Amino acid sequence: MSAPKFTTLGCRLNAYETEAMKELSQAVGLEDLVVVNTCAVTAEAVRKSRQEIRRLRRENPEARIVVTGCAAQTEPETFAQMAEVDTVIGNTEKMQPETWHGMAADFVGETEKVQVDDIMSVTETAGHLIDGFGTRSRAYVQVQNGCDHRCTFCIIPYGRGNSRSVPAGVVVDQIKRLVDKGYNEVVLTGVDLTSWGADLPATPKLGDLVMRILKLVPDLPRLRISSIDSIEVDENLMQAIATEPRLMPHLHLSLQHGDDLILKRMARRHLRDDAIRFCEEARRLRPDMTFGADIIAGFPTETEAHFENSLKLVQDCALTWLHVFPYSKRDGTPAAKIPNQVNGKVIKDRAARLRAVGEVQVQSHLASQIGKTHQVLMENPHMGRTEQFTEVNFAAPQKEGQIVTATILGLDGTQLMA
């Protein structure tokens, strides 16, 4: 008999939930179990999930294979029909103790092969299940799940449900426990982080949560926020950016494109100038601020002129870390039905050009850091990250999990040297 094995595809939130599933499965003593936590963000992600399931079946012929995650939620029958799969559970079910108890050897009764309910009816998060996860240096805390927006390219709301928030008091208590355990950095995560609070009494904003954490957990050295929608950023978050050195100067922005017409066809809520204005203001308030961004190449109807506006946006917003997504037609989304889909070869070429511009931006950022002194959080004895999330390589070993003061001496590829 062997302990359960877990494979995670996709986002940081999926990885967070895998940690919760490990605890839930261990609590009921499950063995000879393989769990695949799938991703549905693109058709390619679903294909990779199916490929991974087949590989795991070959390696574990006697194990029970359970498939969950966003792809299992959005198209459960696809996975139920696979001969390699024993059970399919939804994104809500995977976080419920009774689901795992139902798979235990001592459970008497029938267990349905497909256990996937309507995600849109879910009204709470399961963020309280675990006290973060990550390395010994950095913990991730889920404060929000789901999304109320309906971007035309995105299937994720149908995998995650509507937006719901973890109450501030629960978040603060969780972070206090993490600091007591020795974590020096906490990252707030969610599907649509800037919508946090909209479903809570008095409808607080993300900035309110950030200020509350920093006030009520004074021993937390570093707070980081993951991907945000810049158009939803509130005054208190801007105030925190301006006045709170413990809030790290690195923001990852959900921009998606640099052309107004394509942004409208994506059903985004911002225009090009909104993104530029936000970046200029954030950098004015915090001169050492760096930005990452998600950008899609080859969205339906995208012309060369539209694409050039995305290339220009990289400079206009002074973006450093790019996540480039070649557009992938996703059945079930409005964008899949738009005429004038862009040729696959053109999409691939444009994605490569965006990445090349991104690489130039990274090198420019790295070169600008030489001679500067940073507070570096060590992820392992020889590598840590600056406040801007830039990797720093150390010749001499340092203590993992500690924040060390380091002067940048040079660079090697995409890493700074100290």
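None of these values were measured; they are calculated from a predicted model.
Within a 6.0 Å radius of CD in Glu59, more than 12 heavy atoms belonging to other residues, nucleotides or ligands are found. Remark: Lys176 NZ is packed, more than 12 non-hydrogen atoms of other residues, nucleotides or ligands lying under 6.0 Å away.
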Quiz item: Would Thr87 and Arg64 count as a side-chain hydrogen bond (donor to acceptor under 3.5 Å, both in side chains) if you check the C-alpha gap in whole Å, the side-chain angles of each, and the deciding distance to 0.1 Å?
Solution: CA-CA 8 Å; Thr87 307; Arg64 180 176 187 173; 3.2 Å; yes
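At least one side-chain heavy atom of Ile53 sits less than 4.5 Å from a side-chain heavy atom of Val67. Side-chain contact between Glu62 and Asp32 is absent, with no heavy-atom pair separated by less than 4.5 Å. Looking at heavy atoms from C-beta onward, Val66 lies in side-chain contact with Leu33 at the 4.5 angstrom threshold. Taking the side chain as every heavy atom from C-beta outward, Pro381 and Phe394 never approach each other to under 4.5 Å.
In summary, the aromatic rings of Phe389 and His250 are positioned with their centroids under 6.0 Å apart.
Smallest separation of non-hydrogen atoms from Phe153 and Tyr327: CB-CE1, 4.2 Å.
Residues Arg177 and Asp180 are not paired through a salt bridge, judged by the lack of any N-O separation under 4.0 Å between the basic side chain and the carboxylate. For the pair Glu232 and Arg269, the salt-bridge criterion is met [side-chain N within less than 4.0 Å of a carboxylate O]. Arg222 has a carboxylate O that lies under 4.0 Å from a charged side-chain N of Glu185, or vice versa, which qualifies the two as a salt bridge.
Under the 3.5 Å distance criterion, the side-chain polar atoms of Glu302 are left unmatched by any main-chain donor or acceptor of Ile262. Counting only distance, with no hydrogens or angles, the side chain of Thr38 and the backbone of Ala71 share a donor-acceptor pair below 3.5 Å.
In terms of the side chain to side chain contact (heavy atoms under 4.5 Å, CB included) criterion, Ala198 has no residue partners (sequence neighbours excluded).
Cation-pi geometry between Arg283 and Phe278 is not met at under 6.0 angstrom from the ring centre and within 45 degrees of the axis.
When Thr290, Thr390, Thr414 are each tested for a side chain to side chain donor-acceptor pair (under 3.5 Å) with His365, only one passes: Thr390. For the pairing with Arg57, the side chain to side chain contact (heavy atoms under 4.5 Å, CB included) check across Glu84, Met82, Glu52 returns one residue only, Glu84.
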